[in-house]
Amino acid sequence: MSSAAQKLPRSEARTLSGHEGAVLAVRFNRDGNYCLSCGKDRTLRLWNPHTGALVKTYKSHGREVRDVYSSSDNAKLVSCGGDRQIFYWDVASGRVIRKFRGHNSEINAVKFNEFNTVVVSAGYDQTVRAFDCRSQSSDPIQTIDTFQDSVMSVNITSTEIIAGSVDGTVRTFDIRMGRETVDNLGHPVNCISLSNDRNCLLANCLDSTVRLIDKSTGELLQEYKGHICKSFKMDCCLTNDDAFVVGGSEDGFVFFWELVDAPVVASFRAHSSVVTSVSYHPTKASMLTSSVDGTVRVWT
């Protein structure tokens with residue numbers, strides 16, 4: 001094992017307990033000082049993962065919460081889930097500033113743009129929708145409906161909206177040019193994430209394979225295997241230096257793969273059930289995992 005691989009986070013520092021039922025996502029905030037979790041119990045929770053303290057619980061959703069995301073200044077949150085609405089929150093007060101509507105089925109994923117002015121969401125209704133946080137309107141300012149099946153994951157850059165769908169495609173929409181690029185992976189995509197240098201895309205597919213794609217050409221650069229991913233939405237990501245790929249497995253394991261040649265450099269049992277989400281610290285060798293077993297775990 002390389003010296004870099006030996007430094008990967010595999011020691012459990014603490015367990016964040018409090019959710020009732022499956023935790024569906026966990027995310028570090030932008031600077032890595034706090035984290036957010038959400039789940040089947042209809043709540044969002046803000047934690048200090050370095051001490052294990054629960055800072056605040058946010059309640060307003062009527063169904064399970066499937067995704068949560070923090071603004072870059074940590075002042076606002078967005079969340080989405082089974083109640084078909086996107087909630088835009090004030091972090092400090094816990095107040096819902098606005099509820100965005102437009103999806104006619106459950107919503108799987110939500111993100112802010114880099115200026116925290118636009119929220120994009122992905123849903124079971126086969127659409128991606130964009131909402132303006134500055135407007136008083138709760139209706140979308142843009143709807144993308146070219147997908148053939150549920151949209152599971154969405155990312156946004158300064159010029160693009162990128163989404164992955166059960167129809168087997170990753171679609172990139174150039175916001176300035178109004179142009180769509182389609183990469184067909186041939187297998188249902190349940191998570192996409194960007195490399196930190198923004199040059200590559202990771203796609204977690206339901207054939208138990210994570211695929212690395214060149215964002216500009218669509219070329220398949222590498223495939224990562226060994227985990228089980230057949231029926232659950234599970235996150236994957238890159239370490240903060242883009243050297244390793246990280247992904248969960250339906251048997252409770254977490255896998256690390258070396259980016260270029262794709263061997264499994266480490267794997268360990270992190271949870272007693274499906275690992276739904278992995279989040280890597282922006283600057284340190286630290287990681288969060290969430291699971292159907294109802295816990296969030298911090299790894300160092």
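Being a predicted model, the structure only gives us computed values, none of them experimental. Nothing fancy with the numbering, it's 1 onward along the sequence.
Follow the hydrophobic side-chain contacts under 4.5 Å out from Ile156 and you reach Ile144 in the same cluster. Residues Leu44 and Val91 fall within the same hydrophobic cluster, defined by Ile, Leu, Val, Met, Phe, Trp and Tyr side chains chained together at heavy-atom separations under 4.5 Å. A chain of hydrophobic side-chain contacts below 4.5 Å, direct or via other Ile, Leu, Val, Met, Phe, Trp or Tyr residues, connects Trp299 to Tyr280. Neither Val265 nor Phe255 shares a network with the other; the hydrophobic side chains, linked directly or stepwise wherever heavy atoms of I, L, V, M, F, W or Y lie under 4.5 Å apart, form separate groups for each.
For the residue pair Arg129 / Ser121, no side-chain donor-acceptor distance below 3.5 Å is found, with atom types taken as modelled. In the model, Asp145 has no side-chain atom that pairs as donor or acceptor with a side-chain atom of Thr143 under 3.5 Å. Residues Thr209 and His187 bring no donor and acceptor atom of their side chains to less than 3.5 Å of each other. Residues Asn184 and Thr169 bring no donor and acceptor atom of their side chains to less than 3.5 Å of each other. A side-chain N or O of Arg45 and one of Thr43 form a donor-acceptor pair less than 3.5 Å apart. Inspection of the Ser277 and Asp235 side chains reveals an N or O donor paired with an N or O acceptor under 3.5 Å.
In this structure, Tyr224 and Leu259 have side chains that are in contact, with non-hydrogen atoms separated by less than 4.5 Å. Side chains of Asn48 and Asn33 form no contact here, defined as non-hydrogen atoms less than 4.5 Å apart. Side-chain contact between Met234 and Glu250 is present, with heavy atoms from C-beta onward closer than 4.5 Å. The side-chain heavy atoms of Leu185 and Val170, taken from C-beta on, include a pair separated by under 4.5 Å. Under the 4.5 Å side-chain criterion, counting only non-hydrogen atoms from C-beta, Trp89 is in contact with Ser60. Looking at Ile175 and Thr159, their side chains never come closer than 4.5 Å, going by heavy atoms from C-beta outward. At a threshold of 4.5 Å between non-hydrogen side-chain atoms, the residues Lys99 and Ser138 do not count as touching. At a threshold of 4.5 Å between non-hydrogen side-chain atoms, the residues Phe268 and Phe256 count as touching.
Shown here for Leu16 and Gly52, the closest heavy-atom pair between the two residues is CD2-CA, 3.6 Å. Of all heavy-atom pairs between Ile213 and Ala203, the closest is CD1-CB, 4.3 Å. Residues Asn108 and Val151 share a closest heavy-atom pair of ND2-O, 2.9 Å. Annotation for Asp41 and Glu20: closest pair OD2-N, 3.0 Å, computed over non-hydrogen atoms. Closest approach of Leu194 to Leu201, counting heavy atoms only: CD2-CD2, 3.5 Å. Residues Ser208 and Lys230 come closest through the heavy atom pair OG-CG, 3.7 Å.
From Cys80, atom SG reaches atom CG of Asp67 across 5.0 Å, with rounding to the nearest 0.5 Å. Of the inter-residue distances, the one linking Gln148 atom CD with Gln126 atom CD reads 7.0 Å to the nearest 0.5 angstrom. Considering NZ of Lys76 and CG of Asp90, their distance stands at 5.0 Å, rounded to 0.5 Å. Expressed to the nearest 0.5 Å, how far OG of Ser150 lies from CG of Asn190 amounts to 11.5 Å. For the atom pair CZ of Phe232 and OG of Ser249, the computed distance is 11.0 Å after rounding to the nearest 0.5 Å. One distance of note links CG of Asn113 with CG of Asn116; it measures 6.5 Å at 0.5 Å rounding.
Listed by first then second residue, pairs satisfying salt bridge (charged side-chain N to carboxylate O under 4.0 Å, His left out) with a partner in residues 190-211 read Asp207-Arg211, Arg211-Glu223, not counting sequence neighbours.
Judged by distance alone, the side chain of Asp83 and the main-chain N or O of His61 form no donor-acceptor pair under 3.5 Å. Ser273 contributes no side-chain N or O that, together with a main-chain N or O of Val292, makes up a donor-acceptor pair within less than 3.5 Å. Between the side chain of Thr157 and the backbone N or O of Glu160 there is at least one donor-acceptor pair closer than 3.5 Å.
The one candidate from Phe100, Tyr88, Phe112, Phe87 that meets the ring-ring contact (aromatic ring centres under 6.0 Å, His included) condition with Phe131 is Phe100. For the side-chain contact (heavy atoms from CB on, under 4.5 Å) with His271, the qualifying choice from Thr295, Asp251, Thr276 is Thr295, the only one to do so. If you run side chain to side chain donor-acceptor pair (under 3.5 Å) between Asn196 and each of Asn240, Thr239, Asp242, only Asp242 comes through.
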Intermediate values then yes/no, side chain to side chain contact (heavy atoms under 4.5 Å, CB included), Arg171 and Thr146: CA-CA 9 Å; Arg171 293 170 191 257; Thr146 51; 3.8 Å; yes

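For Arg134, the salt bridge (charged side-chain N to carboxylate O under 4.0 Å, His left out) partners at least two apart in sequence or on another chain are Asp132. Taking His227 as the reference, Trp257 meet the ring pair (Phe, Tyr, Trp, His ring centres under 6.0 Å) condition, with sequence neighbours excluded.
By the 6.0 Å contact criterion, NZ on Lys233 is enclosed, its count of non-hydrogen atoms from other residues, nucleotides or ligands being greater than 12. Summarising the local packing, CZ of Phe173 is surrounded by more than 12 heavy atoms from other residues, nucleotides or ligands at distances under 6.0 Å.
Taking the charged nitrogens against the carboxylate oxygens, Arg66 and Glu64 do have a contact shorter than 4.0 Å, which makes a salt bridge.
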